[in-house]
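Quick notes on the structure that follows.
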Number of protein chains: 2
Amino acid sequence: MNLKSSNVVNIANLRSSLKEHKTQELCLPLDLPEEDLHLLGSIVKKHYLLQPGEHLYNIGDPGKAIYAVRSGTIKTYIPTDQGDEQVLGFYLPRELLGFEALGHDQFNSAAMAVETSDVCELPFESLEKLYDQVKGLREQIDRLIGREFYNDHTMLLLLGKRHGEERLASFLLSISRRLQHRGFSPKEFNLTMSRRDIGNYLGLAEETVSRLFTRFQEDGIVRVERKHLTIHDMDKLQDLVEH
Amino acid sequence: MNLKSSNVVNIANLRSSLKEHKTQELCLPLDLPEEDLHLLGSIVKKHYLLQPGEHLYNIGDPGKAIYAVRSGTIKTYIPTDQGDEQVLGFYLPRELLGFEALGHDQFNSAAMAVETSDVCELPFESLEKLYDQVKGLREQIDRLIGREFYNDHTMLLLLGKRHGEERLASFLLSISRRLQHRGFSPKEFNLTMSRRDIGNYLGLAEETVSRLFTRFQEDGIVRVERKHLTIHDMDKLQDLVEH
DNA sequence: CGTCGCCTTGAGTGTTTTCAACTTTGGTGG
DNA sequence: CCACCAAAGTTGAAAACACTCAAGGCGACG
């Protein structure tokens, strides 16, 4: 696990990190009373400030915690012997990752920052101790585990049955919805991950993703400028998914 | 949820069911002391005897339990608006399904018997009450949840990065390994599910699966006779996966 | 201002799908 | 017991989709 970045935090980053921490506490997707969130905050002992390409955890690392993204984007993936990789998911602020280590000693996948990211660690052990004190915490965690299954299953359907067009449309809508949920614009945002990562996630070649973006733009569905994306026709995007 | 089959159990089935129950207790993939397994057995209130095509649960059903397969094969799948479906997994005896309902009120997928199957129900509620009494139970359940994630992620890699040949080889080895684990021959067994189901699971057309079986047989890797499969060259099968 | 990484575009190739016909099997009723 | 039917499986040919290989453009960074 990469702790380096925590040691080389520059002052500007640290200041903004502290300020953010103070105002909005933990960035958790949990619906709990203020004081309970405080309790949760108290079990966070480690923070990670990751630069693009740095690992949060790697395959084989001891899996004894889940992680909350406070800012940035984390991708999880399976590295293969053949050198390629399968991206399993992208995690945005206020999302939790690492559930797959439940009941295992080691991670079976890796997690890497796609952009500069701020992540905090919630050890399973501390979390379990809180279950008795914080009413509803277990249910909320269970709900997140169930959602993680749902996400994986949606992905299996996407990879097993859908064409490239539908996959990319589905991906864009997913990002859009999640950003909107956090109070950002659902129609205009930055794709923080590379085309290669997107393709890797969607089971498509990098070039195919690029071509699809071009086609979507020609059809007036979106406007793509490098990493910046504007959705012009949300309905058409939705139609592509349901096709 | 389909209870019909429990009401129309014929005497022969019932007798064999009871006998089996007596001798090998619950068919659980849990490593616990005898008396604890007894306790677990006591929370089973419902049994399902399902005929091929009958549902164990359907999408939208209240998800308040996990299920242990005692005999037969259960497939889980996502039905889509377009009429097609994505098979998520096959569950053999001694395997548990239904974790995805964790923390949700409803199932987001369906479970159907592929062949005549015997399944028992473990309500989440009863299970949670046992966590305090049975030491290590939570850890074991967590381990199974983690394994479920691992399976899903392996599947994502398979669908995202592998060709038909590698997918089918991987599938056959998975079945082989799981049967061997239960004490059956890893080299000779029946494929209880249809070609359509296999294709659906592997993200391939039914015809492609058929052609691949033919090719594997021509290459001397397996012998296929309808549902009966014999693996002649386990190494070559393994090579195909690792390619 | 040059280099490197990321992205785009084109051309050709390959795998898998689709459509269609045909075979085999298992069940049902005469 | 046999004939018939529906479901499951196989096979072939053509088409679709995405991939690979290759070249070139754009932008960030030193």
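What's counted below: heavy atoms across the whole structure, side chains too, no hydrogens, waters or symmetry copies. If you're wondering where the values come from, they're calculated on a predicted model, not measured in any experiment. Chain letters run A, B, ... following the sequence lines, proteins first and then strands; every chain starts at 1.
At a cut-off of 3.5 Å, with distance as the only test, a side-chain donor of Y48(A) or E121(A) sits close to an acceptor on the other residue.
The nearest whole Å value for the distance from the CD atom in E206(A) to the C1' atom in dC19(D) is 12 Å. Remark: P of dT15(C) and CG of L204(A) are 18 Å apart, rounded to the nearest angstrom. When the P atom of dT16(C) is taken as reference, atom CG of L168(B) falls 11 Å away, rounded to whole Å. If you take NZ of K161(A) and P of dT18(C), they are 10 Å apart, rounded to a whole angstrom. N200(B) has its CG atom 15 Å from the C1' atom of dA8(D), to the nearest Å. Separating the CG atom of L229(B) from the P atom of dG9(D) is a distance of 13 Å, rounded to the nearest angstrom. R167(A) has its CZ atom 13 Å from the P atom of dC17(D), to the nearest Å. To the nearest angstrom, P of dT10(D) lies 13 Å from CZ of F216(B).
G53(B) comes within 4.0 angstrom of no nucleic acid atom, judged by non-hydrogen atoms across all strands.
Residue R196(A) places no side-chain N or O under 4.0 Å from the OP1 or OP2 atom of dC7(C). Close to dT10(D), at under 4.0 Å from its OP1 or OP2, lies a side-chain N or O of R195(B). Taking only side-chain nitrogens and oxygens, T208(B) never comes nearer than 4.0 Å to OP1 or OP2 of dT16(C). Residue S210(B) has no polar side-chain atom (N or O) positioned under 4.0 Å from OP1 or OP2 of dT11(D). Put simply, K227(B) has no side-chain N or O that comes within less than 4.0 Å of OP1 or OP2 on dA8(D).
Proximity of the aromatic rings of F189(A) and F184(A) is defined here by a centroid distance below 6.0 angstrom, and this criterion is not met. Aromatic rings of Y57(A) and Y67(A) (six-membered ring for Trp) have centroids within the 6.0 Å cut-off, being under it.
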Do M234(B) and S176(B) pass the side-chain contact (heavy atoms from CB on, under 4.5 Å) test, and can you show the C-alpha distance, the side-chain angles, and the key distance before you say yes or no?
CA-CA 10 Å; M234(B) 199 70 91; S176(B) 168; 3.7 Å; yes
Discussion item. Assess the residue pair Q86(B) and T80(B) against the criterion (side chain to side chain donor-acceptor pair (under 3.5 Å)); give the C-alpha distance rounded to whole Å, side-chain angles, the decisive distance to 0.1 Å, and a yes or no.
Written reply: CA-CA 8 Å; Q86(B) 175 65 44; T80(B) 72; over 6 Å; no
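In the set dG9(D), dA22(D), dT16(C), dG9(D) carries the atom at the smallest distance from any side-chain atom of S194(B).
When each of L212(A) and R226(B) is assigned the nucleotide of DNA chain D with its nearest heavy atom, R226(B) is the one assigned upstream, toward the 5' end. Between M193(A) and G203(B), the residue whose closest nucleotide on DNA chain C is further toward the 5' end is M193(A).
Judged by distance alone, with hydrogens and angles left aside, R162(B) brings no side-chain donor or acceptor close enough to the base of dT15(C) to form a pair under 3.5 Å. Judged by atom type and distance alone, E207(B) reaches the base of dC19(C) through a side-chain donor-acceptor pair under 3.5 Å. Remark: the R211(B) side chain and the dT18(C) base include a donor-acceptor N/O pair separated by less than 3.5 Å.
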